[in-house]
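Right, one structure below, let's go through it.
Per chain, numbering begins at 1; letters A, B, ... match sequence-line order.
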Amino acid sequence: MSAWIADVLVLVGLAVMTLGVYGIIRFPDVYTRLHASGKASFLGVTVLLFAGTVGGGPSVAARVVLIVVLLALTTPVAAHTIAQAAYHRREPMRASGAIDESGNCPGAATSPPGRGSPGASSVRG
Amino acid sequence: MTQLPQERAKLASARTLGAAGAIILLSVVVSSQITRSENLQRSLTVTTLILAVVGIALYLVSFRTSREIVERDAAPVSLKQSLGAIRHNRPLVLLCLSAVFMLTGMFTRARTTAERLVALDTAVLMLIGLLGLVAAESRRPYALDAALVLALLSFVSTVAASRYLGDRRPFTEPEEEPSP
């Protein structure tokens with residue numbers, strides 16, 4: 001029974017990580033690639049690591065919990081610093097519908113398309 | 001080559017003296033060239049070639065004349081044995097293969113340095129997952145210690161590299177930073 005649970009967890013983790021890597025390959029620019037890298041890969045690694053705890057003892061479980069807590073703390077910070085560096089270097093936003101209200105990056109609109117909110121295109125924060 | 005400490009000390013001092021003499025000789029020859037010669041690049045190239053020939057000759061002479069007086073108590077390990085030890089270590093082979101694939105994909109697809117950072121971060125995350133699987137499959141919990149260290153290191157290196165990428169310094173004081 002526990003072997004089945006471990007197998008299912010490994011398959012789910014591999015599927016999620018494959019989606020993340022596919023997103024990194026397919027998305028057009030850094031900012032959208034960070035979505036795939038920061039969320040999908042972290043969740044996939046978490047599921048994979050928990051699949052390893054199913055047959056193991058408490059030492060494995062303690063280490064896995066430590067690693068997962070550490071990754072949950074550090075992965076968003078790392079993704080944020082990468083995005084900040086890319087924004088400081090004015091890397092272009094190639095995704096369709098990208099909005100950069102400070103007008104720093106080429107390729108992005110400077111204001112949201114004011115469909116639902118009138119006055120959004122005239123007020124600059 | 002010997003195992004005796006006195007002989008080794010003699011060898012080391014002779015090596016140091018020889019290196020110092022060679023450096024003095026080099027500086028005398030090269031510095032006189034810098035002031036005097038009119039075509040500096042060609043004369044330096046010629047000097048380098050002469051030095052390469054002399055160095056290879058001296059290396060061959062010392063290789064031919066040196067004698068090794070070392071007693072081994074273990075049988076020498078053949079190349080075949082070390083290759084076999086690497087081949088039978090399946091987790092190591094898997095790790096190396098996945099790292100090679102990830103690095104290849106990363107450097108062929110990425111257009112900017114920030115995208116390479118994203119790809120490197122993801123590759124390290126995948127290695128952490130792979131180490132977890134290795135630890136579970138071969139019942140070695142200490143592979144998870146390596147995964148833990150890898151997680152810490154990847155965070156620090158990613159943050160330092162992207163800070164350096166953004167404002168050319170890894171650590172800045174926010175109030176002293178000039179606005180771009």
Side-chain angles (χ1 to χ4, degrees), chain A residues 6 10 13-14 17 20-21 23-27 29-31 33-34 36-38 40-42 44-64 66-68 70-71 73-75 77-92 94 104, chain B residues 98 101-102 105-106 108-168 170 177 179-180:
Chain A
V10 167
L14 282 183
M17 288 188 75
V21 173
I24 290 178
I25 292 173
R26 284 287 296 178
F27 277 149
D29 58 3
V30 186
Y31 311 100
R33 277 173 189 199
L34 276 171
S37 142
S41 305
F42 166 65
V45 164
T46 307
V47 176
L48 274 185
L49 287 176
F50 275 117
T53 61
V54 171
S59 65
V60 176
R63 280 168 188 163
V64 163
L66 189 60
I67 292 174
V68 166
L70 207 79
L71 281 181
L73 288 178
T74 58
T75 311
V77 181
H80 176 77
T81 49
I82 293 176
Q84 193 186 28
Y87 191 75
H88 277 180
R89 288 171 67 84
R90 296 165 184 255
E91 297 212 350
R94 297 192 191 88
N104 203 7
Chain B
S98 61
F101 286 147
M102 263 319 281
M106 189 169 115
T108 49
R109 289 294 303 189
R111 276 173 291 211
T112 60
T113 318
E115 292 182 6
R116 286 197 179 91
L117 271 182
V118 176
L120 185 66
D121 209 35
T122 317
V124 174
L125 269 180
M126 292 179 69
L127 279 181
I128 291 171
L130 194 57
L131 276 174
L133 282 188
V134 165
E137 189 255 339
S138 61
R139 311 254 173 239
R140 292 178 193 142
Y142 51 80
L144 286 170
D145 295 343
L148 185 62
V149 172
L150 208 57
L152 280 170
L153 263 182
S154 101
F155 171 64
V156 173
S157 66
T158 306
V159 168
S162 55
R163 290 299 293 261
Y164 179 72
L165 195 69
D167 31 86
R168 289 283 152 208
E177 181 182 356
S179 65

If I take atom [atom1] from residue [X] and atom [atom2] from residue [Y], how far apart are they, to the nearest 0.5 angstrom?
X        : Y        : atom1 : atom2 : value
A:Asp29  : B:Thr112 : CG    : OG1   : 9.0 Å
A:Ser59  : B:Leu144 : OG    : CG    : 8.5 Å
B:Leu165 : A:Glu91  : CG    : CD    : 7.0 Å
B:Glu115 : A:Phe27  : CD    : CZ    : 12.5 Å
A:Phe42  : B:Asp121 : CZ    : CG    : 12.0 Å

Part of [X] within contact of chain B (heavy atom distance under 4.5 Å):
X       : answer
A:Val21 : side chain
A:Arg33 : both
A:Val54 : neither
A:Ile82 : both
A:Ile25 : both

> Got a sec, which residues hit side chain to side chain donor-acceptor pair (under 3.5 Å) with A:Thr75, two or more places apart in sequence or on another chain?
Replying inline: none

>> For A:Thr81, give me all partners under side chain to side chain donor-acceptor pair (under 3.5 Å), at least two apart in sequence or on another chain.
In response: B:Ser162

> Does the side chain of A:Leu71 come within less than 4.5 Å of B:Leu125's, by heavy atoms?
Replying inline: yes

> Side chains of A:Ser41 and B:Met126: does their closest heavy-atom pair fall under 4.5 Å?
Replying inline: no

> If you tally heavy-atom pairs under 4.5 Å against chain B, which of A:Ile67, A:Val60, A:Leu48 wins?
Replying inline: A:Ile67

>> Quick one, A:Thr74 with B:Thr158, criterion side-chain contact (heavy atoms from CB on, under 4.5 Å). Give me CA distance, side-chain angles, the key distance, then yes/no.
In response: CA-CA 10 Å; A:Thr74 58; B:Thr158 306; over 6 Å; no

For [X], which atoms come within 4.5 Å of any heavy atom of chain A: side chain, backbone, both, or neither?
X        : value
B:Leu150 : neither
B:Leu133 : side chain
B:Ala147 : both

>> What verdict does the side-chain contact (heavy atoms from CB on, under 4.5 Å) test give for B:Leu148 and A:Arg63, after you've listed the backbone C-alpha separation in whole Å, the side-chain angles of each residue and the deciding distance to 0.1 Å?
In response: CA-CA 8 Å; B:Leu148 185 62; A:Arg63 280 168 188 163; 5.9 Å; no

